[in-house]
Amino acid sequence: MKTTLRILLLCLLALQVSAQEHVFVETESFADKGGWVIDQQSFSVMHSSYLMAHGMGRPVKDAATTVNFPKKGKYNIWVRTKDWAPFPKGPGKFQLVIDGQAVNKVFGESGSDEWKWYPAGEIDIKNDQVKLALKDLTGFNGRCDAILFTNASKFTPPNKEEELLAFRRKQLNLTSKPAEAGHFDLVVVGGGIAGTCAAISASRMGLKVALIQDRPVLGGNNSSEIRVHLMGDVDKNHYPKLGRIVREMDNGDPGNGNPDAREYGDARKIAIVKDEKNISLFLNTHVDQVEKEQDIIVAVTGRNIATNQEYRFSGSFFADCTGDGTLGFLAGADFRMGRESKAETGESLASEKADDFTLGTSNLWASLEKDSVSSFPATPWALQFSDEYHIDKGKADWEWETGFGNFNTIYEAEKIRDHNLRAIYGNWSYLKNNKAAKYAKSELAWVAYIGGKRESRRLLGDHILNQMDIQEGKFYPDGAVTATWTIDLHFPDPKNSKYFEGQEFFAGTKHIKVAPYTIPYRCLYSRNIENLFMAGRNISTTHVAFGSTRVMRTCGMMGEVVGFASYLTKKHKTSPRGVYQDHLDELVTILKGETLAPQP
């Protein structure tokens, strides 16, 4: 009898489980984003993108989509969101609208800055398809990660990182094999200036290249999303062939934070890449998985930040041009983050003690003069300014910067961006409401929601460039890229620290001039991952030396060198280190322009 009862209970439980239906909606997959934008900057933490209503204080157009339901009936609704500025309650309010009816709950004002699932009541689904919309109420960066409909009355969706990742993957059907994107001679991860130049350089040497970028535009910090101008000279090279591709990418000097997006040449950058028949371009694709065989990368997997489709890229060689050293980190490459001590490096500019201090992240902004007077609301949730301290300018420059060891520039990227937004909106509100004679007719024209990072991981190569290399102008046999930028190490502006101690968002610097010097090729490949190149701000340097190497024209020339070197790895069936050990003369000959590119 007991056995029969146990079997009956198990059968009933099985029927109950089989009857459960989850309808999981990732908001970044909405068919019509309206005025909402996709934010993927916290992918390394959330394993997902999300939608954000970045309206600079003006409500944005609804995001909308249609969702299919496997069966009709009653479903509980859950919405995953946060209050990004709970001081005590933030401004990022929005509503979920279902078939034209708003759910009786306002999201984004919970007083908690933790990403969580919030219950939103029950709904009776009477049709096979339902129209969903996200209705922004403020224009102040409300955000929504995902929506869940479930007919399991006692089910609460998981929120812990690993459990939620497993749940996402199951609901999105990502547990099966990703689509094969193909096999490539060189897989470049990161489409900033360094990565784009690396891909073009390798392509013109006849290699089959994949260029993978996690945003819809190329150029990284020089794109219209971030708007940092290019710095560093390309005309002082020992090797005149270097810098030619950088010049193609260069759109002049629109300055930092120019309100005209066209000044940064997004379309032209993409057109240049698409004209390269050897390059396969994958925009909106975030690489988050690596396959290895011992110390060799064999493939990476990336997920589209909008559709969540996964792609697998196999390759012979890989280049980490992510800035954050993401690919190298996933592959187990040696890296450093923060400052070394003087005792360790012997650098006079090094810190007395090693620490986690890094240069920060900027979110630039600009206003424009209009014909009529406009208003801007009070922002009690933002940083508070006064007659005694405010920043009396109508646009930002490089000084608007958050990080400095107070925040981790990789794992707290969202918090850094949000801190910058609280500074921008708080200061602008003060200017509009307290300095009307100057700002009454000014309006915010543009505010970056993608952070422009300066420093995070530095991947370690066979040589670690240091202050003495730079200031003494050492020319190693493998000296490749000629760099000219000062040693430019930022720190919190003292006055900003006085009023916002521990929450600094404004920087100062001291430029230490250097003569043109060369960056060794050995700084451009990993010392422990056999087939990994790197180019950009994540190359092998100390923190002090990084202060000079990090500017984008210099980073672009690094990419050009990586493209040439990858050609030699394929030609001689060797490794990046093997190029240095056995084929350095041939690399130098290419850099001198004494050999023609191979004909495809």
Side-chain angles (χ1 to χ4, degrees), residues 28 33-44 49-56 60 139 141 143 189-196 211-231 249-273 281-286 304-306 321-324 326 360-368 395-398 400-403 409-410 413-414 416-421 424 444-454 456 536-537 550-552 555-556:
E28 64 269 23
K33 308 299 188 298
W36 296 63
V37 295
I38 296 178
D39 188 349
Q40 93 309 333
Q41 296 167 96
S42 297
F43 209 105
S44 58
S49 307
Y50 58 84
L51 282 188
M52 183 169 66
H54 184 59
M56 299 180 293
V60 304
N141 300 86
R143 58 203 67 180
V189 182
I193 295 297
T196 304
L211 175 57
I212 308 171
Q213 165 71 330
D214 63 358
R215 296 298 304 166
V217 295
L218 296 172
N221 283 352
N222 186 238
S223 72
S224 67
E225 293 189 321
I226 301 172
R227 305 190 192 183
V228 177
H229 59 174
L230 299 177
M231 288 285 103
M249 294 289 101
D250 201 327
N251 211 51
D253 186 4
N256 288 327
N258 191 305
D260 187 352
R262 295 169 298 180
E263 291 290 330
Y264 296 89
D266 291 346
R268 191 172 59 81
K269 292 184 178 81
I270 289 176
I272 291 170
V273 169
L281 176 62
F282 298 86
L283 296 172
N284 296 307
T285 303
H286 180 89
N304 186 285
I305 66 170
C321 303
T322 62
D324 280 344
T326 302
T361 297
S362 289
N363 290 84
L364 301 177
W365 60 274
S367 66
L368 287 174
K395 72 182 293 290
D397 210 325
W398 62 269
W400 288 74
E401 177 178 350
T402 293
T409 53
I410 296 173
E414 183 184 28
I416 289 174
R417 187 270 318 280
D418 291 349
H419 188 67
N420 283 338
L421 291 181
I424 294 165
L444 285 177
W446 171 78
V447 177
Y449 69 92
I450 300 292
K453 290 185 186 179
R454 287 175 179 80
S456 47
R537 61 183 175 84
R550 62 186 177 83
V551 292
M552 283 184 279
C555 291

I would like to know whether Ser49 and Ile38 meet side chain to side chain contact (heavy atoms under 4.5 Å, CB included); could you show each step before the answer?
-> CA-CA 7 Å; Ser49 307; Ile38 296 178; 3.8 Å; yes
Please collect all salt bridge (charged side-chain N to carboxylate O under 4.0 Å, His left out) contacts where either partner lies in residues 262-273, sequence neighbours excluded, each pair once.
->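 Listed once each, the pairs are Asp260-Arg262.
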For [X] and [Y], indicate whether the former's side chain and the latter's backbone hold a donor-acceptor pair under 3.5 Å.
{"X": "Ser223", "Y": "Asn221", "result": "no"}
{"X": "Tyr264", "Y": "Ile226", "result": "no"}
{"X": "Asp39", "Y": "Tyr50", "result": "no"}
{"X": "Arg143", "Y": "Asn141", "result": "yes"}
{"X": "Gln41", "Y": "Gly451", "result": "yes"}
{"X": "Glu414", "Y": "Asp418", "result": "no"}
{"X": "Arg537", "Y": "Gly323", "result": "yes"}
{"X": "Ser362", "Y": "Leu364", "result": "no"}

For side chain to side chain contact (heavy atoms under 4.5 Å, CB included), just list the numbers for Trp365 and Met56, CA-CA rounded to whole Å, side-chain angles, deciding distance to a tenth of an Å, and then say yes or no.
-> CA-CA 10 Å; Trp365 60 274; Met56 299 180 293; over 6 Å; no
Closest approach of [X] and [Y], non-hydrogen atoms and distance?
{"X": "Pro254", "Y": "Asn251", "value": "CD-O, 4.4 Å"}
{"X": "Ala366", "Y": "Lys395", "value": "CA-CB, 3.9 Å"}
{"X": "Ile270", "Y": "Val217", "value": "CD1-CA, 4.4 Å"}
{"X": "Asn363", "Y": "Asn420", "value": "OD1-ND2, 2.7 Å"}
{"X": "Met552", "Y": "Gly219", "value": "SD-O, 4.3 Å"}
{"X": "Pro259", "Y": "Ala445", "value": "CB-CB, 4.2 Å"}

For side chain to side chain contact (heavy atoms under 4.5 Å, CB included), just list the numbers for Leu51 and Val37, CA-CA rounded to whole Å, side-chain angles, deciding distance to a tenth of an Å, and then say yes or no.
-> CA-CA 5 Å; Leu51 282 188; Val37 295; over 6 Å; no
Taking side chain as C-beta onward, heavy atoms only, is [X] less than 4.5 Å from [Y]?
{"X": "Glu28", "Y": "Gln40", "answer": "no"}
{"X": "Leu281", "Y": "Leu211", "answer": "yes"}
{"X": "Leu218", "Y": "Ile272", "answer": "no"}
{"X": "Thr326", "Y": "Val189", "answer": "no"}

Between Met52 and Arg417, does a side chain to side chain contact (heavy atoms under 4.5 Å, CB included) hold up when you go through it step by step?
-> CA-CA 13 Å; Met52 183 169 66; Arg417 187 270 318 280; 3.4 Å; yes
Just jot down the salt bridge (Lys or Arg N to Asp or Glu O under 4.0 Å) partners of Asp214, sequence neighbours excluded, or say none.
->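 Residues passing salt bridge (Lys or Arg N to Asp or Glu O under 4.0 Å) with Asp214: none at all.
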Could you pull out all residues at least two apart from Thr322 that satisfy side-chain hydrogen bond (donor to acceptor under 3.5 Å, both in side chains)?
->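 Residues passing side-chain hydrogen bond (donor to acceptor under 3.5 Å, both in side chains) with Thr322: Asp320.
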Angle class for the Tyr449/His54 ring planes (parallel below 30°, perpendicular above 60°, tilted otherwise)?
->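 The rings of Tyr449 and His54 sit tilted, inter-plane angle from 30° to 60°.
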[atom1]-[atom2] distance between [X] and [Y], expressed to the nearest 0.5 angstrom:
{"X": "Thr402", "Y": "His419", "atom1": "OG1", "atom2": "NE2", "value": "4.5 Å"}
{"X": "Leu444", "Y": "Ile424", "atom1": "CG", "atom2": "CD1", "value": "8.5 Å"}
{"X": "Ile305", "Y": "His286", "atom1": "CD1", "atom2": "NE2", "value": "9.5 Å"}

Would you say the side chains of Asp397 and Asn256 form a donor-acceptor pair under 3.5 Å?
->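 Looking only at side-chain atoms, Asn256 and Asp397 do form a donor-acceptor pair, the distance falling under 3.5 Å.
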Does a salt bridge link Asp324 with Lys453, judged by any charged N lying under 4.0 Å from a carboxylate O?
->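 Between Lys453 and Asp324 there is a salt bridge, with a charged N closer than 4.0 Å to a carboxylate O.
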